[in-house]
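First comes the structure, then the notes that go with it.
Owing to the predicted nature of the structure, the values given are computational and were not obtained by experimental measurement. When a residue number appears, it is its place in the shown sequence, counting from 1.
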Amino acid sequence: MPGLAIVGAQWGDEGKGKVTDLVAERADVVIRFQGGNNAGHTIVRGSESFKFHLIPSGILYPGKTCAIGNGVVVDPKVITEEIDGLRRRGIDVSGLKISANAHLIMPYHMLLDHAGESKLGKLQIGTTRRGIGPCYADKAARLGIRVQDLLDEKILRQKIYAALEPKRQSLRPFAKDPVLDLHAMTEDYTSLGHRLEPFITDTPRLVWDALDRDRLVIYEGAQGTLLDIDHGTYPFVTSSNPVAGAACVGAGVGPKDIDDVWGVAKAYTTRVGAGPFPTELDDPLGDRLREAGGEFGTTTGRPRRCGWIDLVALRYAARLNGLTGLAITKLDVLTGIDPLQLAVRYHGPEGASFDEFPYHQSIVHKVAADYVELPGWDMDLRGVRQLSDLPSEARDYLSFIEEFVGVPVVLVGVGPGRDEVVWSGAARHLERAAA
Ligand code: GDP
């Protein structure tokens with residue numbers, strides 16, 4: 001499996017960071033292919049916890065090539081801060097590479113994001129207001145500024161000028177904001193460019209090179225399938241494509257360069273921000289999941305909405321991504337909840353029933369889930385390392401998911417720690433590497 005894509009199979013925050021980190025040890029290259037610093041990964045190593053917003057999860061392995069692909073949008077201030085933060089903690093960042101073709105988040109993108117959300121009032125999408133959406137919009141409008149532009153002050157200034165001009169109208173309330181000054185912005189970004197220069201590179205070549213040598217390349221996704229701008233619950237989605245197909249575009253490879261696709265899903269479901277969520281538990285049980293699972297955003301600290309596992313949505317995600325494996329995280333969080341419910345169908349207010357994820361927004365917003373009930377367990381799972389040591393109820397829960405979705409479970413998370421994981425037979429070859 002030289003090319004392995006690891007994607008979120010729900011609404012993000014599934015624990016992709018930990019799963020990628022586990023496999024990254026064996027990889028030559030880990031490359032992020034979309035999103036920006038709206039994503040947040042938490043990796044726990046012993047007593048230390050690391051939070052990353054832009055840097056790929058494998059960075060904790062000394063010298064590992066960790067690339068930020070062309071499909072990612074990069075805030076140069078944030079990446080510089082992450083580099084400084086890691087260096088302060090003694091982490092070697094020499095393996096970090098940033099695509100010269102990745103687009104840059106500019107100060108006006110953040111202001112536009114803010115202005116856009118404020119204008120929407122109650123209809124807010126719940127963006128993180130980090131300028132990611134406006135940055136992707138400029139990319140499509142051919143007004144984007146790319147990482148390579150940081151290396152030529154004259155070109156940078158020209159491009160900023162051209163990009164700023166059409167925004168004057170919408171940014172009028174911010175007209176006096178010093179960050180919008182063309183010269184100050186050019187200077188600021190040029191000096192960030194000097195700092196980032198050693199990391200800027202032609203990232204697809206790094207990936208091709210590793211693939212040609214038959215080495216493992218991990219394409220690391222951010223957010224999750226149901227937040228995909230094409231296939232998710234539009235408009236309550238992110239501004240990029242978190243599905244595995246986007247790894248081709250965002251890393252610069254062909255479909256044949258992806259041999260396996262793992263979907264990461266929690267044993268329940270969470271969602272941040274607004275938008276439909278058919279299995280949401282807006283009750284004390286939802287609060288319990290939030291507390292037990294620590295469901296507060298890595299980047300924003302926002303409480304996440306919690307609910308039962310949604311197998312209709314998960315099966316949809318499996319098909320969209322062509323999943324070859326499921327990584328089920330946070331099974332430990334369900335300990336003590338009995339019975340457990342798994343959504344297997346939706347029904348609309350008029351009684352229509354939906355076995356498949358509905359494409360129409362009005363329907364997705366109104367459906368409620370029909371559940372299958374399975375018994376829970378009381379055993380603390382955090383010490384379990386073998387599938388056979390899980391209580392039979394937990395094994396049945398996993399088997400039900402596997403059969404319903406039609407994709408084998410490759411690993412199961414039983415705690416936040418790196419070693420708190422149960423590998424299934426399907427991924428044995430990688431387990432040895434990660435041990
Ligand atoms: P990501 O963006 O998909 O990587 O997800 P986050 O990093 O936002 O959220 C994952 C959180 O869950 C982190 O704090 C992890 O340490 C934690 N976590 C990951 N796997 C497990 C697990 O199996 N059990 C528990 N209890 N926590 C986990």
Side-chain angles (χ1 to χ4, degrees), residues 8-19 38-42 124-126 128 222-227 232-233 236-238 242 263-317 326-344 346 357 364-378 380-382 393-394 397-398 400-401 405 412-416 420:
Q10 296 166 317
W11 274 277
D13 310 310
E14 297 94 345
K16 294 175 294 292
K18 172 173 159 180
V19 175
N38 50 347
H41 291 319
T42 313
Q124 285 189 13
I125 296 162
T128 48
Q223 291 97 28
T225 301
L226 277 304
L227 292 174
T233 50
F236 301 99
V237 292
T238 196
V264 186
K266 280 178 199 174
Y268 48 97
T269 311
T270 63
R271 163 159 213 173
V272 178
F277 182 1
T279 62
E280 182 165 16
L281 286 166
D282 198 5
D283 62 8
L285 195 51
D287 297 338
R288 177 175 171 174
L289 285 173
R290 187 173 309 111
E291 287 307 318
E295 299 298 352
F296 301 89
T298 311
T299 299
T300 57
R302 283 189 285 185
R304 296 174 182 151
R305 299 156 66 192
C306 297
W308 297 118
I309 194 162
D310 182 343
L311 297 183
V312 182
L314 198 52
R315 191 166 56 186
Y316 172 62
L326 268 176
I328 302 291
T329 60
K330 296 193 159 186
L331 190 66
D332 53 300
V333 173
L334 295 185
T335 293
I337 302 177
D338 189 20
L340 295 165
Q341 312 229 50
L342 306 90
V344 292
Y346 299 149
F357 198 80
V364 187
H365 278 258
K366 288 193 196 119
V367 291
D370 295 333
Y371 295 97
V372 158
E373 211 170 87
L374 290 179
W377 56 87
D378 279 322
D380 179 359
L381 307 184
R382 291 187 61 173
E393 294 83 0
Y397 188 78
L398 294 171
F400 191 92
I401 296 173
V405 177
V412 184
V414 289
E420 288 172 321

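Checking Arg271, Arg302, Lys330 one by one against Glu295, the salt bridge (Lys or Arg N to Asp or Glu O under 4.0 Å) holds for a single residue, Lys330.
Tyr346 contributes atom OH, which lies 7.0 Å from atom OG1 of Thr279 (distance to the nearest 0.5 angstrom). Expressed to the nearest 0.5 Å, how far CG of Leu326 lies from CD1 of Ile328 amounts to 4.5 Å. Note that CG of Leu227 and CZ of Phe236 are 12.0 Å apart. Values are rounded to the nearest 0.5 Å. With values rounded to the nearest 0.5 angstrom, Leu342 atom CG is found 10.0 Å from Glu373 atom CD. Note that CG of Leu289 is 6.5 Å distant from CG of Leu334, once rounded to the nearest 0.5 Å. For the atom pair CG of Leu311 and OH of Tyr371, the computed distance is 10.5 Å after rounding to the nearest 0.5 Å.
Side chain of Thr270 to main chain of Arg305: no donor-acceptor pair is present (N/O by atom type, distance under 3.5 Å, no hydrogens or angles). The closest donor-acceptor contact from the side chain of Arg304 to the backbone of Arg290 lies at 3.5 Å or more, if one exists at all. A donor-acceptor pair under 3.5 Å links the side-chain atoms of Thr329 to the main chain of Glu14, judged by distance alone. Remark: side-chain polar atoms of Glu280 are not paired, donor with acceptor, to backbone N or O of Pro278 under 3.5 angstrom. Glu420 places no side-chain N or O within donor-acceptor distance of the main-chain N or O of Leu381, the cut-off being under 3.5 Å. A donor-acceptor pair under 3.5 Å is absent between the side-chain atoms of Thr225 and the main chain of Gln10, judged by distance alone. A side-chain donor-acceptor contact under 3.5 Å links Lys266 to the backbone of Asp13.
For Glu393, there are no salt bridge (charged side-chain N to carboxylate O under 4.0 Å, His left out) partners, not counting sequence neighbours. The ring pair (Phe, Tyr, Trp, His ring centres under 6.0 Å) search around Phe277 returns Trp11, not counting sequence neighbours.
Shown here for Leu331 and Ala394, the closest heavy-atom pair between the two residues is CD2-CB, 4.2 Å. Across all non-hydrogen atoms, the minimal contact from Ile309 to Ala267 is CB-O, 3.5 Å. The heavy-atom pair separating Ala265 from Ala9 by the smallest distance is CB-CB, 4.3 Å. The shortest non-hydrogen separation linking Pro242 to Gln223 is CG-CB, 4.1 Å. Between Arg382 and Gly415, the shortest heavy-atom distance links the atoms NE-CA, 4.1 Å. The minimum heavy-atom distance between Ala369 and Ala343, with the atom names listed, is CB-CB, 3.7 Å.
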**Study point:** Chi angles and distances behind the side chain to side chain contact (heavy atoms under 4.5 Å, CB included) call for Tyr268, Ile337
**Key:** CA-CA 12 Å; Tyr268 48 97; Ile337 302 177; over 6 Å; no
Practice item. Assess whether side chain to side chain contact (heavy atoms under 4.5 Å, CB included) is satisfied between Tyr316 and Asp310, documenting all intermediate values. Key: CA-CA 10 Å; Tyr316 172 62; Asp310 182 343; over 6 Å; no
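The local environment of CG in Asp338 is crowded, with over 12 non-hydrogen atoms from other residues, nucleotides or ligands closer than 6.0 Å.
Within the 4.5 Å cutoff, no side-chain heavy atoms of Glu291 are placed close to those of Pro303.
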